[in-house]
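Structure first, then comments.
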Amino acid sequence: MSWGLAPGRCAGIATAMYDTLDEVRADISARLANAAANRHSPMHTPVVATTDADARVMVLRAFDADHWTLRFHTDARSPKVAVIEGDPRMAVLAYDRDAKIQLRLRGTARIERDGAMVDAAWAESTNFARRCYLGEGPGAISDVPTSGLPLEFERDEPDDVQLVPARENFAVLVMQAEEIDWFSLAHHGHRRAVLARHGAARWIAP
């Protein structure tokens with residue numbers, strides 16, 4: 001598995017006009033790997049859409065270029081979790097304004113609450129990030145503006161013991177991309193290609 005980008009390639013990916021579909025496939029992998037590894041990447045926070053016609057911005061935590069899987073973190077109590085477990089179809093939209101590259105991914109998602117991958121994702125998170133899984137679940141109704149966090153953790157970072165209850169609310173959303181639509185905007189002519197995970201690829205009109 002390759003969950004990240006090789007050293008030295010996270011600084012940015014130049015705009016290019018590609019002539020082969022193999023080059024496009026490599027460009028997709030490089031951009032998504034960079035997005036997962038580099039929080040300054042414009043594709044680090046893509047739009048994730050579920051089948052209830054809802055969409056939200058999420059942080060891309062990892063990309064496996066060998067298997068075309070994307071990893072996001074989520075609260076197990078989030079309404080999107082129930083939607084995905086009822087209908088796993090999902091789409092992701094990412095755009096690099098400077099490179100003028102748009103990626104549209106279609107596939108299926110699954111929610112993982114336990115196991116080595118989830119434990120590793122939790123271990124990699126900081127206590128400040130883990131605190132998001134304390135308190136009220138996403139979508140809980142409130143009479144006043146609220147972060148949903150317990151008041152004592154609005155500004156202060158909880159310790160490991162205080163975070164024990166948060167772990168059961170933490171989950172990993174894994175998307176299995178089956179098709180990626182790559183779109184390059186260019187003054188002298190746009191380029192667009194659609195690639196499938198299992199190798200089929202074709203150029204199409206933008």
Side-chain angles (χ1 to χ4, degrees), residues 1-7 9-10 13 21-52 54-76 78-96 99 101-125 129-130 132-133 167 169-183 193-202:
M1 275 186 211
S2 54
W3 283 109
L5 193 64
R9 297 193 63 192
C10 292
I13 302 169
L21 291 165
D22 285 342
E23 290 175 317
V24 172
R25 190 178 291 273
D27 182 74
I28 290 170
S29 292
R31 289 186 189 281
L32 291 176
N34 183 41
N38 178 10
R39 65 187 180 90
H40 298 295
S41 165
M43 293 188 175
H44 185 58
T45 52
V47 175
V48 175
T50 43
T51 57
D52 56 344
D54 201 1
R56 74 286 293 160
V57 171
M58 297 184 72
V59 175
L60 178 60
R61 305 289 182 174
F63 172 66
D64 183 335
D66 295 329
H67 299 92
W68 271 23
T69 55
L70 294 80
R71 191 186 84 204
F72 303 89
H73 296 172
T74 189
D75 193 308
S78 171
K80 69 177 172 291
V81 169
V83 172
I84 289 169
E85 291 180 334
D87 186 338
R89 291 175 297 167
M90 196 177 91
V92 170
L93 171 65
Y95 183 62
D96 184 327
I101 296 287
Q102 173 186 270
L103 300 181
R104 290 190 292 170
L105 296 82
R106 302 177 186 87
T108 57
R110 69 180 190 272
I111 303 296
E112 300 280 354
R113 294 175 173 83
D114 300 295
M117 178 180 61
V118 184
D119 289 341
W122 180 255
E124 292 167 3
S125 300
R130 291 173 184 166
C132 297
Y133 303 96
R167 173 59 183 85
N169 298 324
F170 176 77
V172 168
L173 188 167
V174 179
M175 179 196 186
Q176 174 64 72
E178 297 295 345
E179 181 181 88
I180 301 180
D181 187 317
W182 177 91
F183 189 15
V194 175
L195 299 89
R197 177 165 65 100
H198 293 298
R202 62 192 185 278

Residue pair His44 / Ala36: nearest heavy atoms and the distance that separates them: CE1-O, 4.1 Å

Test log, rule side-chain contact (heavy atoms from CB on, under 4.5 Å), inputs Ile101 and Trp182: CA-CA 7 Å; Ile101 296 287; Trp182 177 91; 3.8 Å; yes

Worked check of side-chain contact (heavy atoms from CB on, under 4.5 Å) between Met43 and Val92: CA-CA 11 Å; Met43 293 188 175; Val92 170; over 6 Å; no

Over all atoms of both residues, closest heavy-atom pair of His73 and Val172: CD2-CG2, 4.2 Å

Partners meeting side-chain contact (heavy atoms from CB on, under 4.5 Å) with Ala196 (sequence neighbours left out): Ala200

Glu179 and its salt bridge (charged side-chain N to carboxylate O under 4.0 Å, His left out) partner, picked from Arg104, Arg89, Arg106, Arg197: Arg106

Check: Arg110 main-chain N/O paired with Glu85 side-chain donor or acceptor under 3.5 Å: no

Gln102 side chain reached by Leu93 side chain, heavy atoms, under 4.5 Å: yes

Thr69 side chain reached by Phe63 side chain, heavy atoms, under 4.5 Å: no

Full working for salt bridge (charged side-chain N to carboxylate O under 4.0 Å, His left out) between Glu23 and Arg25: CA-CA 5 Å; Glu23 290 175 317; Arg25 190 178 291 273; over 6 Å; no

Pairwise side-chain contact, Gln176 with Trp68, heavy-atom cut-off 4.5 Å (strictly under): yes

Which atom of Phe72 lies closest to which atom of Val59, heavy atoms considered: CD2-O, 3.2 Å

4.5 Å side-chain heavy-atom contact, Ile84 and Thr50: yes

side-chain contact (heavy atoms from CB on, under 4.5 Å) partners for Ala82, two or more places apart: none

Minimal non-hydrogen separation, Ala91 against Met175, with atom names: CA-CE, 4.3 Å

pair Leu70-Leu60: side-chain heavy atoms closer than 4.5 Å: yes

Nearest-0.5 Å distance, CZ of residue Phe170 to OG1 of residue Thr74: 9.0 Å

Heavy-atom side-chain proximity of Ile28 to Leu103 below 4.5 angstrom: yes

Contact check, side chains of Trp122 and Tyr133, non-hydrogen atoms, under 4.5 Å: yes

Interatomic spacing from CG in Leu105 to CD1 in Ile180 - rounded to 0.5 Å: 4.0 Å

Heavy-atom pair of closest approach, residues Ser125 and Ala121: OG-O, 3.0 Å

4.5 Å side-chain heavy-atom contact, Val24 and Leu195: yes

From CA spacing to verdict: salt bridge (charged side-chain N to carboxylate O under 4.0 Å, His left out), Asp119, Arg167: CA-CA 9 Å; Asp119 289 341; Arg167 173 59 183 85; 3.0 Å; yes

Sidechain-backbone polar pair: Ser41 side chain, Ala37 backbone, donor-acceptor under 3.5 Å: no

Name of the residue among Leu173, Thr51, Thr108 meeting side chain to side chain contact (heavy atoms under 4.5 Å, CB included) with Met90: Leu173

Intermediate values then yes/no, salt bridge (charged side-chain N to carboxylate O under 4.0 Å, His left out), Arg56 and Asp54: CA-CA 7 Å; Arg56 74 286 293 160; Asp54 201 1; 3.6 Å; yes

